[in-house]
Amino acid sequence: MRTPRPPIPAPTSPPPRPTGRLAVLAAAAVLALAPSLAPAAAASPGKSAAPPATTPSATTPSAATASAGAADLDALFVGAHPDDEAFTLSTLGQWKEDHDVRTGVVTVTRGEGGGNAVGPEEGPALGLLREAEERTAVAKAGVREVFNLDDVDFYYTVSAALTDQIWGGDTLEKVVRLVRQTRPEILLTMDPAPSPGNHGNHQQAARLTIEAFYAAADPKAFPEQITREGLRPFAPARLLLGRARGTSQNGPACASTFRPANPAQNVYGVWSGRVSESAGQTWAAIERDAQRVYASQGWAVFPDVPTDPAQLGCDFFTQVDSRVPFPSPGSAAAAAPTAILDGALVRPPGGVPLGTLLDLRPSTFDVRPGAAFTVTVTATAPSGEALGRSAVALRVPDGWQVSGSGELGRLAAGRTGSATFTVTPRGTPGERARVGATLTTERGSGYTDRQVEVSPAVRGGQQLLPQVEQYEKWAADLKAPQLRDLVPPVLTLPSGGSRQVDVVVTNVSDTTQSGTVRLALPAGFTADRAEAAYNGLAAGASTRVPFTVTNSDPSLKTSNEGGDYAYTITTTGSDGSSVSRPALELVPATAVPRAASAPAIDGAEGSGEYTGPSLDVSRLWEGAACSSAADCSGTAKVSWRDDTLFLLVQVKDDVVGTRLPAADCKRHWRTDAVEVTLDPRGRSENTSTTFKAAVLPVTAEGPPCFLRDADNRQGAAVPGMRVAAKVSSGEYTVEMAIPMEVLPGAVDPARLGLNVLVYDSDTQDKTGQTRIGWSTWGGVQGDPYRWGVATLPGYTPPQGRPTTPPDPVIPDTGLSSLDSPQSLEQAVSLGLPLGGGPAAKPSESAWVAAATGGGNAVEVRLRAAGPGKAHLFVRDDQGTAGGHVVTVSGSGTTTVRVPLTRALGARPRVVAGWQADGGGTLASQSRVR
């Protein structure tokens, strides 16, 4: 949950990947299908093999080294920004206090692109501030290790594809390296799916974590980490997402009463109402205190959590995969606080020994009623303990038939046994089902399962949005079908308008299929035909059947007020039919008239300037509802003349938010503002191909200011754009002229994407409370497909204006761990390199040999084995007292004078980060004498 401009929190076709990453995914997929390889290729759960030290040779001082197990973690949470872990801290704190679980947090970026409600810092300086907030916050849950990967944070986007493009191709390698270095049994991450409003950075961080779960165990993935860096493959035991789709009750029974939207998912809850023995308050309250540490994000004002534990809910986690046994669904153990730890870090009563591997693999994910498939169950005894005589029994839904023996024989230490069953399914097409297995041994029992989906010969579904289609391809390439179909399919169309809707028909059988596709639309919608045929669809192939759908009743509500207009697609095949329930979403539409003459930009509506309809921009899309029209409401009018678009926005607002300095005319969601978004061609996948500008109607100096934000030219001034504002008691008006030549591409006058959004703040603490607008959905500022549609009758763009948008200009400067004293000190204590990168070779390393204080400077003696750059910081118990960066040309000893900005306090020391010219880093430290 991160800014810039995430949803206001209630307190409680992409570019091709680098070839190397495709190879990693392919290798990981092979391992996923052959889990029995894991014990030979990677350390099994329980960490039977200690990792080698990754620090340089013994010629470095002891202050720069750490024991081989210093970085050995039990669990690892991977997020995109500081504060992404903030809603799991209740769980992490309980694990630490009750079971001494050591958890680390990986943050891909430091959130440099976010807002700042506490000061002027931005860019790397803000990253340093947010890292400090994160370290303080997670420490309240007993988490001490925070790893930053140094990728750049940029503006709010809902696109994982854009995130992947900006982060580059090495982030997976860094996550895999950290998993191999820290060896966590449990991996936790965020939601990988493009659910509406889900931050694209969050999606991508989750996808990288899921990929790393498989790749870290595979010796063929990033083999140089093994051959050159001395790491070993490592197979985490369990992988979970820190979210769940479903419903539950608050109180102690929140875990046992959870009902997942997909009944075949394994979802675990950890109640936040338990009281910490050491703190004497609920873990929900401790978590809230930790969240308030993120003051730069405006979280310091979060209200107290309920004092009645019955009103407190669970942190929920959805399991993606497991290599070890886990609690059986519906059992008391599955609802216990240790459910996620069981089999990986905790041996439950009657359970098999830790280190036991248990896996189940169906021969296919899509199973057809009456068509047999096979299920193979594999069990491996821990390397140091035999399981004795063992057997597995298969659990399937009622009515399904099973044949085959589950005898595994006697499993000696480190030995593997497997059993294969033949299963004939029944059930309703489209349903997810759970196929489970219970392992019985002389040393205890265990359970595992996998999902399958009951499917007819042919499936039909509404065409997917580009970002959803990309996600589905990612899940398919990873061979993780349990992750598919997490996002209900939706398409938008303009109020009173039409669009083509394709039904994608897929043949999942092994014979050629023919049949029909039929639409049953809700009231207010019509199609050019009710039914269409498809013919000769080959086995495994897909085809598209097009329909033209029209909103025949323009009085239907649009945006989130109308919500999803669900309908039914019925697709027939040789063995019956499949039914899917997608939805249509209406966005508002308007025709923009040509003005008789160019409007005067004076903050007032002149006669004949805006003859078109008044747009209602009072719909709530995020935050607290307006208490009245006087609290927050608005209208907008639009016109065009020649090659310029004109907008007049009138807002009712009874309390003026923080008056920011004109020099701080950015991150407008912190105060009162108007935002205009334009998608020239009306088909952008993300905002990097759009124009977005925000206007602050008043500043500390008085006049309004404006700036582009989160678009094709992030943060740039807008040549030729003119703005005027008039502010009076209880209201303000903003008027603007936008030359269409500054848009990223020629305007299509039949489908210009348009939205007008209003940000309302009633406080002076640089936080917004309410967001209203014209086309309103959660996260709509990042979703061009959900913006309204405008036509410009009579407008023709100038000849030769390109329709293809230019490459976006996006911030590319993030804080390096070399410039973070906090990261350097942690790297010293753990003996790890920085930023998720490799360690410098001993022959290319440098370190602090000695440091001497005197007067207003500290003299540092730096010993180098090769050329590079040293980042030196003088630290004491109060923080940083001085810093200096020096370039070293070659081997030898260099003496560096580091100026002090203040007198030194207790425990003075010099901490250094070294970047070798040949690549790799090293952190070192020495006391100041």
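In terms of modelled atom types and a separation under 3.5 Å, the side chain of Trp787 and the main chain of Gly753 share no donor-acceptor contact. In this structure, Lys473 contributes its side chain and Val468 its backbone to no donor-acceptor pair below 3.5 Å. In this structure a side-chain-to-backbone donor-acceptor pair under 3.5 Å is present from Thr671 to Thr658. Judged purely by atom type and a 3.5 angstrom limit, Glu609 uses its side chain to pair as donor or acceptor with the backbone of Gly606. With hydrogens and angles disregarded, a donor-acceptor distance shorter than 3.5 Å links the side chain of Arg751 to the backbone of Arg681. Side chain of Arg207 to backbone of Pro192: a donor-acceptor contact under 3.5 angstrom is found. No donor-acceptor pair under 3.5 Å is formed between the side chain of Asp564 and the backbone N or O of Ala583. Here the side chain of Ser580 pairs a donor or acceptor atom with the backbone of Gly460 at under 3.5 angstrom. Side chain of Asp672 to main chain of Gly657: a donor-acceptor pair is present (N/O by atom type, distance under 3.5 Å, no hydrogens or angles). A donor-acceptor pair under 3.5 Å is absent between the side-chain atoms of Arg619 and the main chain of Ser559, judged by distance alone.
Defined by atom type and a distance below 3.5 Å, a donor-acceptor pair is missing between the side-chain atoms of Thr572 and Ser577. Thr767 and Gln769 share a side-chain donor-acceptor pair at under 3.5 Å. For the residue pair Thr163 and Asn201, a side-chain donor N or O sits within less than 3.5 Å of a side-chain acceptor on the partner. Using modelled atom types, one finds a donor on one side chain and an acceptor on the other under 3.5 Å when comparing Tyr610 with Glu735.
To the nearest 0.5 Å, the span separating CG on Leu483 from CG on Leu241 amounts to 6.5 Å. Here the CD1 atom belonging to Ile601 is positioned 5.0 Å from the CZ atom belonging to Arg722, to the nearest 0.5 angstrom. The distance from the OG1 atom of Thr776 to the CG atom of Asn560 is 3.5 Å, given to the nearest 0.5 Å. Rounding to the nearest 0.5 Å gives a distance of 8.0 Å between NE2 of His81 and CE of Met190. Distance check: Leu678 CG to Thr687 OG1 gives 12.5 Å after rounding to the nearest 0.5 Å. Considering CD of Gln467 and CG of Asn686, their distance stands at 8.5 Å, rounded to 0.5 Å.
Closest approach of Gly563 to Trp777, counting heavy atoms only: O-CH2, 4.0 Å. Nearest heavy atoms, Pro680 versus Ala746: CB-O, 3.8 Å.
Residues Leu464 and Glu472 form a side-chain contact, since some pair of their non-hydrogen atoms from C-beta on lies under 4.5 Å apart. Inter-residue side-chain proximity for Pro808 and Gln714 is flagged as unmet; no heavy-atom pair is nearer than 4.5 Å. The shortest side-chain heavy-atom distance between Leu792 and Leu752 falls under the 4.5 Å cut-off. When side chains are defined from C-beta on, Asn712 does not count as touching Val809, because their heavy atoms never get closer than 4.5 Å. Tyr785 places none of its side-chain heavy atoms less than 4.5 Å from the side chain of Leu491. Counting heavy atoms from C-beta outward, Ser495 and Pro554 have side chains that approach closer than 4.5 Å. Contact check for Ser688 versus Tyr155: side-chain heavy atoms found under the 4.5 Å cut-off. Looking at Val458 and Val505, their side chains come closer than 4.5 Å, going by heavy atoms from C-beta outward.
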Step by step, would you call Phe525 with Tyr567 a ring pair (Phe, Tyr, Trp, His ring centres under 6.0 Å)?
CA-CA 10 Å; Phe525 296 85; Tyr567 69 103; 8.4 Å; no
Test side-chain contact (heavy atoms from CB on, under 4.5 Å) applied to Leu556 and Tyr565, step by step:
CA-CA 10 Å; Leu556 291 179; Tyr565 291 92; 3.6 Å; yes
So Leu584 and Thr492, side-chain contact (heavy atoms from CB on, under 4.5 Å) or not? Walk me through it.
CA-CA 6 Å; Leu584 301 169; Thr492 57; over 6 Å; no
I'd like to know whether Met736 forms a side-chain contact (heavy atoms from CB on, under 4.5 Å) with Phe706, so could you lay out the CA-CA distance, the side-chain angles of the two residues, the decisive distance to 0.1 Å, and finally the verdict.
CA-CA 10 Å; Met736 64 191 82; Phe706 62 94; over 6 Å; no
Is there a side-chain hydrogen bond (donor to acceptor under 3.5 Å, both in side chains) between Arg259 and Thr247? Walk through the geometry before answering.
CA-CA 5 Å; Arg259 297 296 176 262; Thr247 60; over 6 Å; no
Pair Trp669-Tyr759, ring pair (Phe, Tyr, Trp, His ring centres under 6.0 Å): steps then yes or no:
CA-CA 6 Å; Trp669 57 93; Tyr759 296 78; 7.6 Å; no
Test Leu647 against Lys637 for side-chain contact (heavy atoms from CB on, under 4.5 Å), laying out the working first.
CA-CA 6 Å; Leu647 295 97; Lys637 292 186 175 182; over 6 Å; no
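Residues forming a side-chain contact (heavy atoms from CB on, under 4.5 Å) with Asp191 (at least two apart in sequence, or on another chain): Ala193, Ser195, Asn198, Arg243, Arg245.
In summary, Asp502 and Arg544 engage in a salt bridge, as defined by a charged side-chain N under 4.0 Å from a carboxylate O. Between Glu453 and Arg484 there is a salt bridge, since at least one side-chain N of the basic residue sits less than 4.0 Å from a carboxylate O of the acidic one. Residues Asp760 and Lys652 are not paired through a salt bridge, judged by the lack of any N-O separation under 4.0 Å between the basic side chain and the carboxylate.
Geometrically, Arg529 engages Phe547 in a cation-pi contact, judged by NZ or CZ lying under 6.0 Å from the ring centre and within 45° of the ring axis.
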